Amino acid sequence: LLKNQLITIAIIGSGPAGCAVAHRFLNMLKKASLKKHRIEIKIFDANRQIATGESIPPAASHALHEIGIAQNVFETHLSCSGSQSIWGSNTTGYNDFFHFPEGQGYHLDRALFNQQLKASLKRKNLTFYPNHQLSKVVPESTGYRLYFKESHFLADYVIDASGYSASFSRRIGVARNILDQVISLAIIIKNAPKNMAQQTFVEAVETGWWYLALLPNNQLILSFCSDYEIIKANGYDDIKQWRSLLSQSQLMAKKIPLDIISDNEKIIKRVAPSSILSQVIGQNWLAVGDAASSYDSISAAGITKALQQGIKAGTALFELIENNNQQAFADYQDLVFSDFNRYLKLRYDIYKSETRFSQAPFWSNRFKIKK
Ligand SMILES: Cc1cc2nc3c(=O)[nH]c(=O)nc-3n(C[C@H](O)[C@H](O)[C@H](O)COP(=O)(O)OP(=O)(O)OC[C@H]3O[C@@H](n4cnc5c(N)ncnc54)[C@H](O)[C@@H]3O)c2cc1C
């Protein structure tokens, strides 16, 4: 790279991962005593529908503070004091966050959360390109030409933060290894019953597991997670079957009066795969967040991982561009791979701790991959 050359960094995706990379990179650039290059960052986003119903654990607070999200931003979401679960036994277990030094967890208004991340990124050398869906990538001698519907741009460096679709990495031929795939069938209820605790509720049943949480604006999410084949065989993607299954649960049916779920309730289907790209770095590009690796929603760790690894990716990018540190990308890839191995062990231990149904297909399917 020539001194004082203009360097263009394209970030595909403005979710938690993309924003965290931009944040860390620009912060390091601001602090650098000698700026070797002129930098511009372009963040493209297809504005795909934003997921709903996510929560973050106390551990996410540290990463959010690190990228400059102030405490009062947290307060616009719903605090979560912990969880109640029926998992591995017929009695309710409790796990509270009170003893966590980081504080509490939050049930997010996800659209607002994404806006807040973006709003904290207003800088001169950064431009957002909403409604820009990457559709084609052509490698060139000095980088990558990125094609969108009505325009194209040449980028020296590309950050793939496009979520599970891994829109950039997939287009340059990187494979994704899918180790497991759980499907969530969720409904969002607009008027939550009064006096519901601000906790997460989880319940294991023979064919999968339930998740229930209050959301900001007096909404709640109730989701059933299972395998594709089990859902098809039992018709659980039909609201009547879904509700009938709910009526057989212990904890959930106690929390939610069945008559608030109408026959017209829309089931939102989302896949939550355990997956990782075969490589998360390459010539002047890296993948981050769900684009690099995705976790089963039982871990509730996707956003925290996107933020934490986004910070590391931002550092690696700065090290490569400003200090010509070639090792930084390799170190970042090692981190993503070792985090994924740690996650696989955690996932295995969580599913293994449910022993009542270990012979049932949903539960035995979870152990087809090794930890
Ligand atoms: C059922 C379910 C429940 C979950 N629950 C939780 C939870 O409770 N807690 C938690 O922490 N995590 C949870 N997750 C995971 C969490 O949603 C993700 O890990 C997190 O959103 C990843 O952030 P990201 O920035 O990597 O990607 P995303 O948030 O997916 O952002 C990717 C962005 O890229 C854009 N994009 C995609 N394709 C293109 C393209 N071709 N061109 C341009 N832009 C593009 C999209 O519009 C989007 O804005 C859950 C996931 C599922 C499926």
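All residue numbers in this chain count up from 1 along the given sequence. Since this is a predicted model, take the numbers as computed values, not measurements. First listed ligand is number 1; within each ligand, the first listed atom is number 1.
Numbered from 1 in the order shown, with element, the atoms of ligand 1 that lie under 4.0 Å from a heavy atom of A306 read 23 (O). Interface of S184 with ligand 1, defined as ligand atoms under 4.0 Å from a residue heavy atom, comprises 1 (C). Near A161, meaning under 4.0 Å from one of its heavy atoms, ligand 1 places the atoms 32 (C), 33 (C), 34 (O). Each of the following atoms of ligand 1 lies closer than 4.0 Å to a heavy atom of G289: 26 (O). Residue-ligand proximity, S165 to ligand 1, at heavy-atom distances under 4.0 Å covers atoms 37 (C), 38 (N). Every atom of ligand 1 with a heavy atom of L134 under 4.0 Å away is listed here by number and element: 40 (C), 41 (N), 42 (N), 43 (C).
Residues W210 and F224 bring their aromatic ring centres within 6.0 Å. In this structure, F201 has its ring center at least 6.0 angstrom away from the ring center of Y211.
With respect to atom 27 (O) of ligand 1, the closest heavy atom belonging to the protein is G163 CA, 3.6 Å. Annotation: atom 4 (C) of ligand 1 to nearest protein heavy atom, S297 CB, 3.6 Å. Residue, atom and distance of the protein heavy atom nearest to atom 19 (O) of ligand 1 are D290 OD1, 2.8 Å. Given atom 48 (C) of ligand 1, the protein heavy atom at minimum distance is D45 OD2, 3.6 Å. Among all non-hydrogen protein atoms, the one lying nearest atom 51 (C) of ligand 1 is R270 NH2, 3.4 Å. The closest protein non-hydrogen atom to atom 43 (C) of ligand 1 is H132 O, 3.2 Å. At the top of the distance list for atom 31 (O) of ligand 1, counting protein heavy atoms only, stands G15 CA, 3.8 Å. In terms of protein heavy atoms, atom 44 (N) of ligand 1 is closest to A46 N, 3.0 Å.
For the residue pair N27/K30, the side-chain donor-acceptor check at 3.5 Å is not satisfied. S184 and R270 are not linked by any side-chain donor-acceptor pair at a separation below 3.5 angstrom, with hydrogens and angles left out of the test. Side chains of Q241 and N234: a donor-acceptor N/O pair is absent below 3.5 angstrom, by distance only. No side-chain donor from either of T92 and Q84 sits under 3.5 Å from a side-chain acceptor of the other.
The aromatic rings of Y295 and F340 are tilted relative to each other, their planes meeting at an angle between 30° and 60°. Under the 30°/60° scheme for interplanar angles, the aromatic rings of Y351 and W363 are found to stand perpendicular.
Under 4.0 angstrom from ligand 1, the non-hydrogen atoms of S167 all belong to its side chain. Proximity of P16 to ligand 1, defined as any heavy-atom pair under 4.0 Å, is shared by backbone and side chain alike. At a 4.0 Å heavy-atom cut-off, ligand 1 touches A301 through the backbone alone. When heavy-atom distances to ligand 1 are checked against a 4.0 Å cut-off, S162 comes that close through both its backbone and its side chain. Under 4.0 Å from ligand 1, not a single heavy atom of S294 appears.
In summary, of the residues considered (L121, V21, T127), a side-chain contact (heavy atoms from CB on, under 4.5 Å) with I43 occurs for L121 alone.
Counting heavy atoms of neighbouring residues, nucleotides and ligands inside a 6.0 Å radius, atom CD of E140 exceeds 12 of them. Open room surrounds NZ on K312; 12 or fewer heavy atoms of other groups in view lie less than 6.0 Å from it.
Follow the hydrophobic side-chain contacts under 4.5 Å out from L154 and you never reach V158; the two are in separate clusters. At a threshold of 4.5 Å between side-chain heavy atoms, the hydrophobic network of Ile, Leu, Val, Met, Phe, Trp and Tyr places V138 and I9 in two separate groups.
For atom 50 (C) of ligand 1, the nearest non-hydrogen atom from the set R171, K269, E54, H107 belongs to E54. Of the listed residues (I303, I12, L307), the one carrying the non-hydrogen atom nearest atom 20 (C) of ligand 1 is I303.
Remark: ligand 1 and A291 share no N or O pair separated by less than 3.5 Å (distance only, no angle test). Of the N or O atoms in R48, one or more lie within a sub-3.5 Å distance of an N or O in ligand 1. Geometrically, ligand 1 and V288 share no nitrogen or oxygen pair separated by less than 3.5 Å. Distances between N or O atoms of S55 and those of ligand 1 include at least one value under 3.5 Å.
R170 and D160 are not joined by a salt bridge, as no carboxylate oxygen comes within less than 4.0 angstrom of a charged side-chain nitrogen.
Using a non-hydrogen distance threshold of 4.0 Å, V271 registers as a contact of ligand 1. In this structure, R110 has a heavy atom closer than 4.0 Å to ligand 1.
Between the Y157 side chain and the I321 main chain, no donor and acceptor come within less than 3.5 Å of each other.
By the salt bridge (charged side-chain N to carboxylate O under 4.0 Å, His left out) test, D180 pairs with R347, R366, sequence neighbours left out.
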